[in-house]
Number of protein chains: 2
Amino acid sequence: MKDKDYKDIGKLFKVLSDPVRLQIIDLVSCKEMCACEILEYLSISQSTLSHHMKVLKESNLVTSRKDATWMYYSLCNDVVNSLKSRFNKITSDTSDCFCYTIKKECKK
Amino acid sequence: MKDKDYKDIGKLFKVLSDPVRLQIIDLVSCKEMCACEILEYLSISQSTLSHHMKVLKESNLVTSRKDATWMYYSLCNDVVNSLKSRFNKITSDTSDCFCYTIKKECKK
DNA sequence: TATAAATATTGACAATTATCAATATTATTT
DNA sequence: AAATAATATTGATAATTGTCAATATTTATA
C-alpha cells in the first residue's frame, strides 16, 4: 500500500474527528437539510457552521444543492461506504489488505 | 444522543487521522509486533514511533505486552468493532440511531 | 559491574485548526 | 431600489499536534 492511501483515509478521519461534524453527519444522514435547520440543533455560530460545511463538502462526505438562498446538504453514502470498506481492510488480518506482503506471510 | 458520545467517537477518529498510525494499525492487525519490527516499515524516528504507540494505547485501539526489553503491540478488535458499529449508526437513516427524534420523524 | 539494546520521556518548534465577530455576498420580497 | 434572510468569507486567537534530537529508563548479557 502506498503512503498516499493512508494519507487519503487519514484526511477523511480527520474530518470525522470533530464532534460537531459528527453530529452534522448524523443529522443529514436522515434527510437533506438546509444550513439554517442544521444550525438549530447545534450550539455554534453561523460562521462556524459554514466552516464545518465547507470542510465536509471538500472531503466529499457531504454534497450540497442550492435552492434560492438556501443550501441543502445531504450525506454522500458512496464516500462513507468506501471509507468503511478501506478501514475494514486496514483492520483485517486477511491477505486482501494493504500490508499485503506482511499479512500474506502472517497467514502461513 | 449526548455531546459526550460524539466527542468519544471523534477522539477515536482523531487517533485514526494520522497516516502513520493507520499504517501501524494495518501492521499490527495481522499479528503482534514489537516496536522495533514496526519501526522497520516506517520512515520515522524511534521517539516518534513511541509517541504514536502511546496515543494508540491511550485510545485503547491497541494493547501492549511487555517481554524483557520488547514491547509487543496488537490491535484491540473489540474497540475497533465498537467504533465501526457506532459510526454505522451515525451514518444510517434508521430510527435506531443517535439523532433519534429527528430520524424517527424522517421515517414518517 | 559495565555495556548494549529496546523503549520511553522531555523540550522545542512549525503547522494546523476550531472558534467567533465582523463583514461580504446572494437571492427574495416589499 | 431598499430591506431582509440565508449563507460565505475574512481576520484574529488560543489550543493542539507531529516531528526530531537529546536524554532517561529498563532489561539482558558479557
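Throughout, protein chains are lettered first and strands after them, A, B, ... in sequence-line order, and every chain is numbered starting at 1.
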Chemist: Rounded to whole angstrom units, what separation is found between the NZ atom of A:K54 and the P atom of C:dT17?
Modeler: 12 Å

Chemist: Below 4.0 Å from chain B heavy atoms, what is the first contacting nucleotide of DNA chain D and what is the last?
Modeler: D:dT16 to D:dA28

Chemist: Describe the nucleic acid contact of B:Y73 in one word from base, sugar-phosphate, nothing, applying a heavy-atom distance below 4.0 Å.
Modeler: sugar-phosphate

Chemist: Please answer whether the main-chain N or O of B:L12 pairs with a side-chain N or O of B:S59 as donor and acceptor at a distance below 3.5 Å.
Modeler: no

Chemist: Is there a donor-acceptor pair closer than 3.5 Å between any side-chain N or O of B:D8 and the backbone N or O of B:D5?
Modeler: no

Chemist: Taking atom types as modelled, is there a side-chain donor on A:T91 or B:K84 under 3.5 Å from an acceptor on the other?
Modeler: yes

Chemist: Figure out the CH2/C1' separation between A:W70 and C:dT28, and round it to whole Å.
Modeler: 8 Å

Chemist: Expressed as a whole number of angstroms, how long is the span from A:Q23:CD to C:dA18:C1'?
Modeler: 16 Å

Chemist: With a 3.5 Å cut-off and no angle check, do the side chains of A:D26 and B:Y6 form a donor-acceptor pair?
Modeler: yes

Chemist: Check whether any side-chain N or O of B:D67 sits under 3.5 Å from a backbone N or O of B:W70 as a donor-acceptor pair, and report yes or no.
Modeler: no

Chemist: Please state how far atom CD1 in A:I44 lies from atom P in C:dT17, giving the value in whole angstrom units.
Modeler: 17 Å

Chemist: Rounding to a whole Å, what distance do you find between A:L42:CG and C:dC20:P?
Modeler: 11 Å

Chemist: Select base, sugar-phosphate, or nothing to describe what B:H52 touches, counting heavy atoms under 4.0 Å on all strands.
Modeler: sugar-phosphate

Chemist: Considering just the side-chain nitrogens and oxygens of A:T69, establish if one lies under 4.0 Å of OP1 or OP2 belonging to C:dA27.
Modeler: no

Chemist: Residues in side chain to side chain contact (heavy atoms under 4.5 Å, CB included) with B:Q46, at least two apart?
Modeler: B:L39, B:S50

Chemist: In whole Å, I'd like the distance from the NZ atom of A:K7 to the P atom of C:dT16.
Modeler: 12 Å

Chemist: Counting only side-chain N and O atoms of A:K14, is one of them less than 4.0 Å from OP1 or OP2 of C:dT17?
Modeler: yes

Chemist: Would you kindly give the CG-to-P distance between A:L56 and C:dT17, to the nearest whole Å?
Modeler: 13 Å

Chemist: For DNA chain C, whose closest nucleotide is more 5', that of A:D18 or that of A:S47?
Modeler: A:D18

Chemist: Counting the benzene-type ring for Trp, do A:F87 and B:F87 have ring centres under 6.0 Å apart?
Modeler: no

Chemist: On DNA chain C, check which nucleotide each of A:R21 and B:L49 is closest to and give me the residue with the more 5' one.
Modeler: B:L49

